[in-house]
Novice: 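Quick one: structure below, then a few questions.
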There are 2 protein chains.
Amino acid sequence: MGHNKPSTAGEVPADLARLWRLSASARRGRPAELDVDRVVGAAVDLADREGLDGVTLQKVAQALGFTKMSLYRHVGSKEELVELMADHATGSAPGLDADSWRDGVHWWAAAIRARYAEHPWLVEVPVVGPPRGPNAIGWMDAFLRVLRDTGLDPGTKAGVLVVVSGYVRNAIQQGRQMAEGRRGTGLSQADAEQNYGRALAALVHPERFPEAALLFKAGAFETEPGENPEDQDFVFGLDLILDGVEAAIARLNR
Amino acid sequence: MGHNKPSTAGEVPADLARLWRLSASARRGRPAELDVDRVVGAAVDLADREGLDGVTLQKVAQALGFTKMSLYRHVGSKEELVELMADHATGSAPGLDADSWRDGVHWWAAAIRARYAEHPWLVEVPVVGPPRGPNAIGWMDAFLRVLRDTGLDPGTKAGVLVVVSGYVRNAIQQGRQMAEGRRGTGLSQADAEQNYGRALAALVHPERFPEAALLFKAGAFETEPGENPEDQDFVFGLDLILDGVEAAIARLNR
DNA sequence: CACAGTTAGTGTACCGGAGATACTATCCAT
DNA sequence: ATGGATAGTATCTCCGGTACACTAACTGTG
């Protein structure tokens with residue numbers, strides 16, 4: 001699949017170099033009007049407006065007033081563009097200091113969640129590998145800083161990072177999907193009352209799926225009124241994991 | 001986006017009906033040679049061989065000896081086909097009984113993991129909503145059965161399910177990616193020595209990312225020799241979460 | 001100062017892929 | 001047998017990504 005041409009100096013692959021903005025803007029030849037940042041910026045704007053599927057090289061170029069093909073001077077491929085977009089939209093990690101590691105993680109999670117709220121298409125970006133961009137690494141670093149004084153060894157910290165960040169992403173995704181299910185499928189809201197939750201409740205028979213049926217009957221998957229259940233769910237799961245982390249830490253001091 | 005035509009009887013959307021195989025195979029007109037299962041089967045085989053990107057309506061049809069367009073009699077859209085494939089490949093949940101809920105969850109996770117191993121493309125299937133297929137519901141039910149006697153209330157069980165299943169999926173994905181990263185980018189293996197792990201180690205400067213740099217320097221992201229580190233990582237994260245669950249259960253009996 | 005070399009942006013053309021539409025083929029029930 | 005329903009086919013359009021060969025614009029040298 002990927003090409004990964006050897007980089008300028010044979011040191012770092014070209015795509016990584018672009019991700020980290022290592023290119024020493026050429027001093028010879030025709031000066032560039034476009035650059036990676038402008039391309040990525042336009043693409044992100046587009047995605048904010050039309051979702052990830054709405055991002056097409058054609059439209060990005062059009063937004064910039066250039067031709068489709070000119071983009072290839074700055075971003076190796078569509079796939080790479082998406083990676084660049086994701087790292088850009090993720091933004092740099094905020095510096096944070098909290099009293100406890102637990103508060104710190106909550107803070108971190110809330111901060112990421114806010115970023116996802118600004119760029120909802122981020123959850124649609126397929127995860128094709130471990131974090132590689134500077135911003136992604138920054139968030140990683142921020143997380144690890146939170147855990148610095150826990151006494152956990154590096155491997156464990158990394159494990160916790162994987163679990164927590166995976167959870168956050170997953171939870172956000174689920175939340176968004178629920179919200180969309182509620183909002184309807186593009187048809188009128190009234191039509192959309194034909195809710196999936198309800199449809200499933202009809203399909204999930206108690207004889208075949210006793211436990212699951214209980215959940216659907218209880219309407220556990222429908223929006224309850226009350227104070228932002230989504231937030232509560234989010235925090236619930238996070239705390240569940242953090243209880244596990246706490247146990248791991250406690251085990252150290254035993 | 002989606003169409004969601006009102007179903008035959010206006011009861012269940014057509015795509016859900018197909019997912020649950022509710023169609024009462026027509027008794028009039030020309031009898032069908034093809035059916036959902038054959039289409040899905042061929043598509044799954046293709047995906048097993050060529051990955052999810054290798055699945056194209058054209059090729060699926062070809063494998064069956066029909067034309068592309070004939071598939072639309074049975075599957076609504078490509079997107080729907082993928083959903084059908086996923087549910088099919090996930091397979092029905094095994095009946096399981098374990099001594100403890102904890103063993104049960106381990107068992108469940110291992111079982112799912114095995115399915116993903118058979119159909120690696122499953123991790124590439126974009127998650128566009130909560131589980132809807134009968135097999136997905138079956139696995140959900142199996143999980144909930146494991147937790148039956150924990151005393152947790154339904155909402156909490158659902159939360160645990162979300163966390164655990166999210167973790168499993170995420171962990172498998174990461175594992176696969178690492179493996180791929182190791183295997184190279186399509187170039188010769190020797191060329192692939194130009195490892196991403198190593199490249200990142202060069203980019204992640206200690207001044208800017210102190211904690212992350214430690215990890216990369218320590219080679220925490222490179223394959224260590226020893227007895228299947230991937231398994232160990234997997235179990236580690238799972239146990240971390242389960243410690244959290246245990247704490248929640250303990251809290252009940254306090 | 002011109003021109004050779006270098007880099008940026010363009011035009012065009014291709015290779016698919018998804019899917020709409022209108023057709024033909026095949027069968028059942030009457 | 002025949003008409004209505006359903007299955008499968010033939011075409012065609014739209015559009016996305018990208019290779020390639022071009023023209024345009026500049027810069028450092030001789």
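Just so we're on the same page: letters track the sequence lines, and every chain starts at 1.
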Novice: Expressed as a whole number of angstroms, how long is the span from B/Leu81:CG to C/dG17:C1'?
Specialist: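 Spelled out: CG on B/Leu81 to C1' on C/dG17 is 14 Å.
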Novice: Go through the side-chain N and O atoms of A/His119 and A/Asp48 and say whether any donor and acceptor fall under 3.5 Å apart.
Specialist: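 Distance-only check passes for A/His119 and A/Asp48.
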Novice: Starting at the 5' end of DNA chain C and moving along, which residue's nearest nucleotide shows up first, B/Ser77 or A/Arg30?
Specialist: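 Between the two, 5'-proximity favours A/Arg30.
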Novice: Mind calculating the distance between CD (A/Glu80) and P (D/dG17) to the nearest angstrom?
Specialist: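 Rounding to the nearest Å, CD of A/Glu80 and P of D/dG17 are 14 Å apart.
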Novice: Does the side chain to side chain contact (heavy atoms under 4.5 Å, CB included) test come out yes or no for B/Phe216 and A/Ile137, once each step is laid out?
Specialist: CA-CA 11 Å; B/Phe216 283 104; A/Ile137 299 286; 4.0 Å; yes
Novice: Between the base of C/dA29 and the side chain of B/Arg28, is there a donor-acceptor distance below 3.5 Å?
Specialist: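 Checked by distance alone, the answer is no.
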Novice: Taking NZ, NE, NH1 and NH2 as the nitrogens, is one of them in A/Arg132 or A/Asp87 under 4.0 Å from a carboxylate oxygen of the other?
Specialist: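 Salt bridge absent between A/Arg132 and A/Asp87.
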Novice: Is the shortest side-chain N to carboxylate O distance from A/Asp45 to A/Lys59 below 4.0 Å?
Specialist: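 Looking at A/Lys59 together with A/Asp45, the answer is no, because their closest N to O distance does not fall below 4.0 Å.
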Novice: Scan residues 66-75 of chain A against DNA chain C and write down, sorted by residue number, each residue with any heavy atom closer than 4.0 Å; if none is found, say none.
Specialist: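 Only A/Phe66, A/Thr67, A/Met69, A/Ser70, A/Arg73, A/His74 qualify.
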Novice: D/dG8 C1' sits how many Å from B/Leu57 CG, rounded?
Specialist: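 That distance rounds to 15 Å.
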Novice: Looking at B/Arg208 and A/Asp141, is there a salt bridge between them, counting it only when a charged N and a carboxylate O are closer than 4.0 Å?
Specialist: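 So A/Asp141 does not pair with B/Arg208 through a salt bridge.
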Novice: Please check the phosphate of C/dA18 (OP1 and OP2 only) for any side-chain N or O of B/Thr56 closer than 4.0 Å.
Specialist: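 Indeed, a polar side-chain atom of B/Thr56 lies that close.
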Novice: Checking contacts here: which listed nucleotide (C/dG9, D/dG16, C/dA18) is nearest the side-chain heavy atoms of A/Glu33?
Specialist: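 For A/Glu33, the side-chain atoms sit closest to C/dG9.
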Novice: Which atom pair, heavy atoms only, marks the closest approach of B/Arg115 to B/Leu122?
Specialist: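 In terms of heavy atoms, the two residues are closest at O-CD1, 4.3 Å.
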Novice: To the nearest Å, give me how far apart CD (A/Gln58) and P (C/dG9) are.
Specialist: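 For the pair A/Gln58 CD and C/dG9 P, the rounded distance is 17 Å.
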Novice: Atom CD of B/Gln62 to atom P of D/dT9: distance rounded to whole Å?
Specialist: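 Taking CD of B/Gln62 and P of D/dT9, I get 13 Å after rounding.
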